[in-house]
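The block underneath contains the structure these notes are about, expressed in structure tokens.
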Amino acid sequence: MILPGNYVRDLLRSAPGAAVTARGWVKTRRDGKNVHFIQLNDGSSPTDLQVVLDEGLVAAEVVAKITTGACLSVEGELVASLGKGQAVELKARTLTVHGAANPEDYPLQKKKHNLETLRPLGHLRARTNTFGAVFRVRNALARAIHKFFQDRGFLYVHTPVISSSDAEGAGSMFQVTALDLDQTARSGEPPDFAQDFFGRRTFLTVSGQLEAEILALAFANVYTFGPTFRAENSNTPRHLAEFYMIEPEMAFCDLKDDQDLAEAFLKSLVEQVLGDCRPDLEFLSKWYEPELFKNLEVVLAGGFERISYTEAVALLQKSGRSWEFPTEWGCDLQSEHERYLTEELIKKPVIVTNYPREIKAFYMRSNDDEKTVAAMDVLVPRIGEIIGGSQREERHDVLLAKIREQAARGMKEEAYWWYLELRRFGGVEHAGFGMGFERMMMYLTGMKNIRDVIPFPRTPGNAEF
RNA sequence: UCCUCAGUAGCUCAAUGGUAGAGCAUUCGGCUGUUAACCGAAGGGUUGUAGGUUCGAAUCCUACCUGAGGAGCCA
């Protein structure tokens, strides 16, 4: 294996004179009269290591196998480069081809491919410069998230992937079953979920929030960071059927604290990734989003704009624009509205709060006006909603009344017995939010399609890799 | 799921009813401490699939498949 200090990233920063072994995959080879140049990369760096191989050092049949995509080990000496473009290069002493990649068949060429062309090549696209940069940012973002919360004393908690709560209509769910569906179909009878593995109907989780509340009422500040599933037939550049979500949940926390945390969170993530991945971001900015750094600096620059839903609607009404969808108090904000607010009118992240209770989930805390709930959405340019959160209803009687209101829509009071009991035993005001990890990735990398910020995207009709 | 657009060589694209082409990639040859290397040549196609219109279809029509963008749902 490659040991610390021996990644291509490390070798590129090493002083000439060291005897080293580099391992990786060939980006391209150029031939001189007496010498071959090999661009080698192990995924650790946006810059390749240039390997210099003297003519005759290895047999011609071996040189012929050093083609784009081939896997090599090269042992030799780091030397100051004679050419431009790199400080050091590796002068090969021995070279081993582990796996050739027949250039007649290998689908990747050394020049630029479309992202759409690469999508069906899920097994190879990670070797490209673009996906190298994107997935290094992904790693740095995950680390930044943990660091932010760990530094604040939050407990990292794990909520179940298999869930029995058919959570408040947060989208269609994937059903999980161990029943023999062929047999069920043949029998002509409806499936008996009492006979299923868990003795009840179960689904893949659409949110760990309700369980996170349990843990927040024991550890005060907690966060989840795990996979989440939506079976919606969504075909957009912003939706996945399987994605990662971060859900902090805080006791002794109201909507104001919730907003403060969300803002500090986004700023910290941008700051950390800018610090950790600048060369990767420069690559992505150059090829995909010239405004990338400008967009990121807007997050750091000043406070986020904070407006109420009521103010937002008023702003939309006096914008002088004709909207495809109505902008009346009580209607949900549409994509076009959110985009106008954050991209055109305010031109920076916006937190919209206190939405009408009818358009928000049952667990959000009712405000004193009885018309709105203590909800917040954080909108950022280009992405739209990146965070959604709320202060939770901690008053047992109010929550129970809301659940009963929704009984007509199929909400079962019994299923929420434990959620209600949390309000009877040591309840306290608490709040939290959810951030889509891949949405944040899109913002940080400038990628326009969410399928290009996750190694193996799950979308309707796509689960190949 | 709805609306719009697209599908031609491995890749990026041209050809608008009349002989399917270019650049890159690939192969071969040449040149060169090269770095999106360069120069020359060659191979490479059932134009997404199935029908239809026409003397003749990549091109027009219908259905389907696949992809992209927009909408809804949301993170």
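Throughout, protein chains are lettered first and strands after them, A, B, ... in sequence-line order, and every chain is numbered starting at 1.
In this entry B:G7 has B:C65 as its Watson-Crick or G-U wobble partner, both defining distances falling under 3.5 Å. Across all strands shown, B:A75 forms no Watson-Crick or G-U wobble pair with both distances under 3.5 Å. Shown here, B:C55 forms a base pair with B:G18; the pair counts as Watson-Crick or G-U wobble because both key distances fall under 3.5 Å. Checking B:A37 for Watson-Crick or G-U wobble geometry (two distances, each under 3.5 Å) identifies no partner in any strand. Look at B:C2: its Watson-Crick or wobble partner, with both distances under 3.5 angstrom, is B:G70.
Side-chain contact of A:Asp377 with A:Tyr355: a donor-acceptor pair under 3.5 Å is present, judged by distance alone. A:Gln39 and A:Arg29 share no donor-acceptor pair across their side chains, judged by distance under 3.5 Å alone. For the residue pair A:Thr228/A:Glu242, the side-chain donor-acceptor check at 3.5 Å is not satisfied.
Between the NZ atom of A:Lys286 and the P atom of B:A36 there is a distance of 9 Å, rounded to whole Å. Atom-to-atom, CD1 of A:Ile359 to P of B:C74 comes out at 10 Å; the value is rounded to the nearest Å. Distance CD (A:Glu324) to C1' (B:G70): 9 Å, rounded to an integer number of Å. Between A:Leu53 atom CG and B:U34 atom P there is a gap of 17 Å when expressed in whole angstrom units. Rounded to an integer number of Å, the gap from A:Arg339 CZ to B:G69 C1' is 11 Å. The separation between A:Leu124 atom CG and B:G10 atom C1' is 13 Å, rounded to whole Å. The CD atom of A:Gln39 sits 8 Å away from the P atom of B:A37 (whole-angstrom rounding). With rounding to whole Å, A:Met447 atom CE is found 19 Å from B:A75 atom C1'.
Closest contact between the side chain of A:His113 and the listed nucleotides B:G72, B:C11, B:U1 involves B:C11. Closest to the side chain of A:Gln334, from the set B:G33, B:A75, B:A71, is B:A71. Comparing atom distances between the A:Asn114 side chain and each of B:U12, B:G72, B:A75 picks out B:U12 as nearest.
Of the inter-residue distances, the one linking A:Arg392 atom CZ with A:Leu399 atom CG reads 12.0 Å to the nearest 0.5 angstrom.
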May I have the step-by-step check of salt bridge (charged side-chain N to carboxylate O under 4.0 Å, His left out) for A:Asp260 and A:Arg306, ending in yes or no? CA-CA 10 Å; A:Asp260 290 346; A:Arg306 299 188 187 191; 2.9 Å; yes
side-chain contact (heavy atoms from CB on, under 4.5 Å) between A:Leu333 and A:Leu316, worked out: CA-CA 10 Å; A:Leu333 298 182; A:Leu316 293 167; 3.8 Å; yes
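Within a 6.0 Å sphere centred on OH of A:Tyr244, other residues, nucleotides and ligands contribute 12 heavy atoms or fewer. Other residues, nucleotides and ligands contribute only 12 or fewer heavy atoms inside 6.0 Å of the NZ atom of A:Lys65.
Of the C1' atoms belonging to B:G43 and B:G52, the separation is 36 Å, rounded to the nearest Å. Here, B:A37 and B:A25 have their C1' atoms 15 Å apart, quoted to the whole Å. With both ends at atom C1', the span from B:U16 to B:A71 equals 32 Å, rounded to whole Å.
Salt bridge A:Lys267/A:Glu271: absent, no basic N to carboxylate O contact under 4.0 Å. Checked for salt-bridge contact, A:Glu394 and A:Arg365 meet the test: a charged N lies under 4.0 Å from a carboxylate O. The pair A:Glu438-A:Arg238 does not meet the salt-bridge criterion, since no charged nitrogen lies less than 4.0 angstrom from a carboxylate oxygen.
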Treating primed atoms plus P, OP1 and OP2 as sugar-phosphate and everything else as base, which nucleotides of nucleotides 23-32 of chain B get B, S or - for protein heavy atoms under 4.0 Å? -S-SS----B
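Across the interface with RNA chain B, nearest-nucleotide mapping of A:Met435 and A:Val52 shows A:Val52 to be the residue nearer the 5′ end.
Between A:His123 and the options A:Phe465, A:Phe456, A:Phe131, a ring-ring contact (aromatic ring centres under 6.0 Å, His included) holds for only A:Phe465.
Contacts of residues 15-29 of chain A with RNA chain B (heavy atom under 4.0 Å): none. Residues from residues 79-89 of chain A with heavy atoms under 4.0 angstrom of RNA chain B, sorted by number: A:Ser81, A:Leu82, A:Gly83, A:Lys84, A:Gln86, A:Glu89. Listed by residue number, the members of residues 133-148 of chain A with any heavy atom below 4.0 angstrom from RNA chain B form an empty set.
Here A:Phe148 pairs with A:Phe265 under the ring-ring contact (aromatic ring centres under 6.0 Å, His included) rule; sequence neighbours left out.
You'll find the ring centres of A:Phe225 and A:Tyr156 outside the 6.0 Å limit. For an aromatic pair to be called close, the ring centres must be under 6.0 Å apart, and A:Phe362 with A:Tyr416 satisfies this.
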Strictly under 3.5 Å: I want the nitrogen or oxygen pairs between protein and nucleotides 64-68 of chain B, one per line.
| from | atom 1 | to | atom 2 | distance (Å) |
| --- | --- | --- | --- | --- |
| B:G67 | OP1 | A:Asn462 | ND2 | 3.4 |
| B:A68 | OP1 | A:Arg119 | NH1 | 2.5 |
| B:A68 | OP1 | A:Arg451 | NH1 | 2.7 |
| B:A68 | OP2 | A:Arg451 | NH1 | 3.1 |

